[in-house]
Amino acid sequence: MQLLMFSILGFGAVVSALFMVTNKKPVSAAMSLIGTMFCLAGLYVLLDAHLIAALQIIVYAGAIMVLFLFVIMLLNVQEKEGRVATNTILLQFVTVVVVGLVFLSMVNLFKNNGSLFALGEGVTQFGTTKAVGMMLFTEYLLPFEIASVLLLAAIVGAVILAKRRIDDPGKEHIIPDHEL
């Protein structure tokens, strides 16, 4: 049963990632990325890493995708209407065939061996709250803090850019000397 769920979730992650890359509509591409994140969260559940699965959904499928959609709406990306080119249809067909062949080879590999790898002793603690906390606040403390400062700077920059557009949509915003 676990092998079947892994195959379904893995195939779903690959297919939705391909839809994300090949889709021309930015909002549809972002929604395909959310589907990929949910499939990855399911794979983490299969590894008994329930905390990482929940964080995957909350952080990536929730917060980060809201930021992506906010940027897409802020930039007001317009798509061009028109006919789909023959090369695009051919590329999509080739992509589906290649993904199908990869999937069939994965099924054949699992059928012959039963599994790709054997779980070691250290894998049993993977994804628990204690293991994630120990790694995050000991070994990865500096990268964690740098990422938080970068995210804070990005949020402040986005708010400043959005405020400038709201104040004067047609003109560039110039701050007078007495306001500095």
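What you are looking at is a predicted structure, and each value in this text was computed from that prediction instead of being measured.
Between Ile52 atom CD1 and Leu43 atom CG the span is 12.5 Å, to the nearest 0.5 Å. To the nearest 0.5 angstrom, Ile160 atom CD1 is 12.0 Å from Ile155 atom CD1.
Considering every non-hydrogen atom in both Leu9 and Leu46, the closest pair reads CD1-CD1, 3.9 Å. Here the closest heavy-atom approach between residue Val45 and residue Ala53 is recorded as CG2-CB, 3.5 Å.
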Enumerate, atom names and distances included, each donor-acceptor pair closer than 3.5 Å involving a side-chain atom of residues 29-41, sequence neighbours excluded.
from, atom 1, to, atom 2, distance (Å)
Ser32, OG, Ser28, O, 3.1
Thr36, OG1, Ser16, OG, 2.7
Thr36, OG1, Ala17, N, 3.2
Thr36, OG1, Ser32, O, 3.1

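Listed by chain and residue number, Met135 satisfy the side chain to side chain contact (heavy atoms under 4.5 Å, CB included) test with Glu139 (two or more places apart in sequence, or in another chain).
Linking ILVMFWY residues whenever their side-chain heavy atoms come closer than 4.5 Å, directly or via other members, leaves Met134 and Val132 in distinct clusters.
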Discussion item. Pair Met5, Leu3 - check side chain to side chain contact (heavy atoms under 4.5 Å, CB included), show working.
Written reply: CA-CA 5 Å; Met5 289 303 298; Leu3 179 62; over 6 Å; no

